[in-house]
J.: 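Before I ask anything, here is the structure I am working with.
Letters A, B, ... mirror the listed sequences (proteins, then strands); counts begin at 1.
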Amino acid sequence: MERVYNPNEIEKKWQDIWEKEEAFQASTDYSKPKYYALVEFPYPSGQGLHVGHPRPYTALDIVARKRRMQGYNVLYPMGWDAFGLPTENYAIKNQIHPRVVTENNVKHFKNQLKALGYSFDWKREVNTTDPNYYKWTQWIFLRLFKKGLAYKSEMPINWCTSCKVGLANEEVVNGVCERCGSEVVRRVKSQWMLKITEYAEKLIQDLDQVDYIEKVKISQKNWIGRSVGAEVDFKLVGKEETLRIFTTRPDTLFGATYMVISPEHPLVEKYKEEIENYKELLAYREMAAKKSDFERTELAKDKTGVEISGIKAINPVNGKEIPIWISDYVLMTYGTGAIMAVPAHDERDWEFAKKFHLPIIEVVEGGNVQEAAYTNTNTGKLVNSDFLNGLEVSKAKEKIIDWLIEQGIGKKKVNYKLRDWVFSRQRYWGEPIPIVHCEKCGYVPLEEKELPLMLPEVESYMPTDNGESPLAVMTDWVNTTCPCCGGPAKRETDTMPQWAGSSWYFLRYTDPNCTEAFASKEALDYWMPVDWYNGGMEHTTLHLLYSRFWHKFLYDEGLVRTAEPYQKRTSHGMILGENNEKMSKSRGNVVNPDDIVREFGADTLRTYEMFIGAFDLSASWSQEGVKGCRRFLDRVWKLQDMLTEEMNYSSDLEIKMHQTIKKVSSDFENLKFNTAIATMMALINEFYRKGSVTKKEYQTLLVLLNPVAPHMTEELWESYGEGKRLYQQTWPGYEEDKTVESTVEIAVQVNGKVKATIAVGLEEAQETVKEKVMAQVSVQAAIGEKKVVKEIYVKGRIYNIVIK
RNA sequence: GCCGCAGUGGCGGAAUGGCAGACGCACUAGACUCAAAAUCUAGCGGGGGCGACCUCGUGCCGGUUCAAGUCCGGCCUGCGGCACCA
């Protein structure tokens, strides 16, 4: 043997060579076919790399390396999503500037990633906290603002009564402040909002153009929550004014026996003089405001509410007076904040009606509405509904909408669950919002030449006790002049959320040092869209939706070429601890990738993470499994000992070689890394069985294995390859007709039970196959005296005899 | 409660509707060794039989089919996500 496989030595060697040779830099020669592979850039946390990170990175590294060997100009970049709460909190606690904390964390992360041998183009590294980067984040925000897509609105924030600071949802645990345990209440604050709802329809429709795994498309659609229904105006008794509701079931209008408005509905304030129990309503509203979302869901089973006395509504279809209630199960943020309640055909209304003894009228037959709400819309006809009687639900919907339009009291309406994006954070460590408030001119955007608006140095990063951002105490910075009238004005002191920088980073990678624009048009036109984007399931709603929204906006502005940023999106499963639970410090089941690299090598870690199980499912860590993968690599290494100089595939393994190339090639494309590796394991088992491997066979194996275990294969290639580097080789091809054996073993079944296996020619006629089948003693025995009713022959697979 | 995903040997997991358990781990035996480790070779779902073999078996209950882990209907359990969305 040449020498022992020593990964620590050879891995460093090749990482240095690749860097020196600029092996994985994307070329700016735009005449070549391109391939843009993208993984979600990490938040550089203080804990360093987690074994969960290498799973997606290795997967797309495999794809990227394979694409390069297939002749593509590949862009596989990496960067840092570095603004964010944990860094800021760490900075506060340890009295270190968040910029310094970020620098250290990035350095640590980068070293760890480099040790894993990824083919990232480090020349294109981006960092969302770099002013040269966030200049363009601010620039895009200004474009949004100028198009009316950024606006101010009163929104509730989580307010810790003890720390006197606004908290992120994440910092509210079971309704109390994470750090001090005090009560958290909702407080209203004027905040910047982005009008993502304006893109709701496009965000749903354009999913048809892209290749996302189905569950990602489903979660995007569910989050946007498009529903078609109607808006209907209900007259209030003795008033001119009407109460507008939204319903998805206008067909059930005859069954509306009461109405419910959200506790915050303006109607309550407007008629407070006439409402006899105004104080009671007010008390209820206060109680509802205190509830966190968590508590509201907990209380879901027990409906609460108060009837408004003094005001009634009229059901427009039958003129009946019906009561109006307030209840927190109706939300001001969805629809019109008011509903018509049809207890017979809506579960929440039904529970409410049962509790408060309100009438339940069946209008769609098919269930027992006194026992449970009947919500099936596919079967059952309308009853107790005058001119709708006898119609199916879908027909009744159409007819009632026509009727509402005719009467001038309603219309068809599409509603979305999606809400506008709250874009302000009362925090230091984020992009400053480049807006100035002037008493005379209102909210005025900074001029482009003023960008980047730098984050000022502050003494303390603590949010102030009046709910403002830490920037608010920086009077020198806050007080400025209005870009519009030159008068005194104040800067916006809230910062942007972490989502901002990650909403367009994939565009910056195409041209990371561009100073004229967020990226040059040539670079964008060439590289975009991203060909394959992989990330975690936890980002399949918000990050994906936000970045698609920004990209669609830039598309409408004529700044990018395609309506969608990502052509293909896949998601990986989580890596769990050995005990099958989520890895966490408190559970004590965290595995540090550095330890695995030190003990087994990066190639083993990469191989193991790909072999651990189906890529899209969660998998639990196993130290024994890691050893198995190291053993596999050792066996590949030791094949050197049985190497022959033969520059062909050996005749008995030719088919196996072609099959392996085919299987590995397609498995890499379909995220089936575990079976690709299993196939290569099976191949080397063949070499061991024979005790020899030809040079040609060995070379092919090295190329196939290279994307998974790049260092070791490159080292072996140096001794047994064809001169040039392995990473410069061409991906091997295969011949389809050499992947199939000419004779195959097929199973013979009698009534679906296997009775024998026989060897047949693949193209052999059924007649001669039948002769062989019938010659089998076990088959004859199984048939016995019974009669053969039917025979099925599936070529090269199975021969089934049906007897009676 | 709603949405999504999963359930296959001792374990991780394979199976375009076509011989369930590929590949790996663990385990057992043999080779090598003074010995152990490492490595190599072989075996390895349950029950039965000396044996060629027989039989049961992919969470549960039904169905479709010549044939079901796979498709359909109804459940059970576990994991992840959630905004009572009218």
J.: Parallel, tilted or perpendicular, judged at 30° and 60°: which one describes the rings of A:W325 and A:F356?
T.: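 Aromatic pair A:W325/A:F356 classed tilted.
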J.: Of the nucleotides B:rC56, B:rC19, B:rA86, which one has an atom closest to the side chain of A:T757?
T.: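 The answer is B:rC19.
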J.: Whom does B:rU70 pair with, Watson-Crick or G-U wobble, provided both distances fall under 3.5 Å?
T.: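 For B:rU70, the partner nucleotide comes out as none, under the 3.5 Å rule.
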J.: For A:K217, which contact category applies under a 4.0 Å heavy-atom criterion: base, sugar-phosphate, or nothing?
T.: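 No contact.
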J.: Determine the minimum heavy-atom distance between A:M712 and A:V636, stating which atoms define it.
T.: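 Minimum heavy-atom contact is CE-CG1, 3.6 Å.
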J.: Just name whichever nucleotide pairs with B:rG45, Watson-Crick or G-U, keeping both distances under 3.5 Å, else none.
T.: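 B:rC56 is the nucleotide pairing with B:rG45.
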J.: Across all strands shown, which nucleotide pairs with B:rG1 by Watson-Crick or G-U wobble geometry, both distances under 3.5 Å?
T.: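 B:rC82 is the nucleotide pairing with B:rG1.
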J.: Testing the basics here: between A:A353 and A:I360, what is the closest heavy-atom pair and its distance to 0.1 Å?
T.: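 The answer is CB-CG1, 4.2 Å.
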J.: Out of B:rG4, B:rC84, B:rC19, which nucleotide sits closest to the side chain of A:E745?
T.: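 For the A:E745 side chain, the nearest candidate turns out to be B:rC19.
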J.: Quick one: closest heavy-atom pair of A:P316 and A:L253, and the distance?
T.: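 The answer is CG-CD2, 4.5 Å.
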J.: Measure from the side chain of A:V330, starting at C-beta and using heavy atoms only, and say which of B:rA86, B:rC40, B:rC85 lies closest.
T.: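 The closest nucleotide is B:rA86.
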J.: For the residue pair A:V210 and A:K217, what are the closest heavy atoms and their distance?
T.: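 Of all heavy-atom pairs spanning A:V210 and A:K217, the closest is O-NZ, 3.1 Å.
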J.: Taking only the C1' atom of each, what is the distance from B:rG12 to B:rA22 in whole angstrom?
T.: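 It works out to 13 Å between them.
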J.: May I have the distance from A:D346 (atom CG) to B:rC2 (atom C1'), rounded to whole angstrom?
T.: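 My rounded result for the distance is 13 Å.
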J.: Within the structure shown, what part of the strands sits under 4.0 Å from A:S778 by heavy-atom distance: base, sugar-phosphate, or nothing?
T.: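 Since no nucleic acid heavy atom lies under 4.0 Å of A:S778, the category is nothing.
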J.: Go through B:rC66, B:rC82, B:rA86 for me and flag the one nearest to the A:N800 side chain.
T.: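 Of B:rC66, B:rC82, B:rA86, B:rC66 is nearest to the side chain of A:N800.
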J.: Students often get this wrong, so: under 4.0 angstrom with heavy atoms, is A:L617 touching a base, only sugar-phosphate, or nothing?
T.: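 If one applies the 4.0 Å heavy-atom cut-off, A:L617 turns out to touch the sugar-phosphate alone, with no base involved.
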J.: Going by purine N1 to pyrimidine N3 plus the second Watson-Crick contact, or the G-U wobble pair, all under 3.5 Å, which nucleotide sits opposite B:rG30?
T.: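 For B:rG30, the partner nucleotide comes out as B:rC40, under the 3.5 Å rule.
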J.: Using a cut-off of 6.0 Å, state whether more than 12 heavy atoms not belonging to A:K786 lie near its atom NZ.
T.: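 12 or below, so no.
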J.: Of the nucleotides B:rC19, B:rC84, B:rC3, which one has an atom closest to the side chain of A:N222?
T.: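 Out of B:rC19, B:rC84, B:rC3, the nucleotide with an atom closest to A:N222's side chain is B:rC3.
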J.: Quote, to the nearest angstrom, the C1' distance that separates B:rG18 from B:rG51.
T.: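 Roughly 31 Å separates the two C1' atoms.
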J.: Would you indicate whether A:E347, at its atom CD, is surrounded by more than 12 heavy atoms from other residues, nucleotides or ligands within a distance under 6.0 Å?
T.: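 No, because the 6.0 Å sphere around CD of A:E347 holds 12 heavy atoms or fewer from other groups.
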J.: So which nucleotide from B:rC82, B:rC56, B:rG4 ends up closest to the side chain of A:I218?
T.: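 Of the candidates, B:rG4 comes closest.
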J.: Counting side-chain heavy atoms from C-beta on, which of B:rA86, B:rC19, B:rC82 comes nearest to A:F246?
T.: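 Among the listed nucleotides, the one closest to the side chain of A:F246 is B:rA86.
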J.: Identify whether any heavy atom of A:I612 sits under 4.0 Å from a base atom; if not, whether one sits that close to sugar-phosphate; answer base, sugar-phosphate or nothing.
T.: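 Sugar-phosphate contact only.
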J.: Quick one: look up who B:rG24 pairs with, Watson-Crick or G-U, both distances under 3.5 Å, and put none if it's unpaired.
T.: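 WC or wobble partner is B:rC11.
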J.: For B:rA86 and A:Y334 - does any side-chain N or O of the residue sit under 4.0 Å from the phosphate oxygens OP1/OP2?
T.: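 True: A:Y334 side-chain N/O within range (under 4.0 Å) of B:rA86 OP1/OP2.
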J.: Within the 4.0 Å heavy-atom criterion, would you say A:A341 contacts the bases, only the backbone, or no part of the nucleic acid?
T.: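 The answer is nothing, as A:A341 stays clear of every strand by at least 4.0 Å.
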J.: When the aromatic ring centroids of A:F611 and A:F673 are compared, is their separation below 6.0 Å?
T.: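 So the answer is no for these two rings.
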J.: Measuring to OP1 and OP2 of B:rU16, would you say a side-chain N or O of A:R797 lies under 4.0 angstrom away?
T.: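 Answer no for this pair, as no side-chain N or O of A:R797 is under 4.0 Å from OP1 or OP2.
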J.: Where do N or O atoms of nucleotides 21-25 of chain B meet protein N or O atoms at under 3.5 Å, pair by pair?
T.:
residue: B:rG24; atom: OP1; partner: A:N685; partner atom: ND2; Å: 3.2
residue: B:rC25; atom: OP1; partner: A:R631; partner atom: NH1; Å: 2.8

J.: Could you let me know what B:rU16 is paired to, Watson-Crick or G-U wobble, both distances under 3.5 Å, or none if it's on its own?
T.: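 Partner of B:rU16: none.
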J.: Assess the pair A:Y608 and A:W621: is the distance between their ring centroids shorter than 6.0 Å?
T.: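 Yes, ring centres under 6.0 Å apart.
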J.: From B:rG4, B:rU41, B:rG18, pick the nucleotide closest to the side chain of A:K215?
T.: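 Nearest to the side-chain atoms of A:K215, counting from C-beta on, is B:rG4.
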J.: What nucleic acid atoms does A:Y688 come within less than 4.0 Å of, heavy atoms only: base, sugar-phosphate, or nothing?
T.: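 Sugar-phosphate contact only - A:Y688 comes under 4.0 Å of backbone atoms but never of a base.
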J.: Within the 4.0 Å heavy-atom criterion, would you say A:E791 contacts the bases, only the backbone, or no part of the nucleic acid?
T.: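 No contact at all - A:E791 keeps every heavy atom at 4.0 Å or more from the nucleic acid.
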J.: So what does A:V754 hit on the nucleic acid, given a heavy-atom distance under 4.0 Å: a base, only sugar-phosphate, or nothing?
T.: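 Sugar-phosphate: the residue A:V754, judged by heavy atoms under 4.0 Å, touches backbone atoms but no base.
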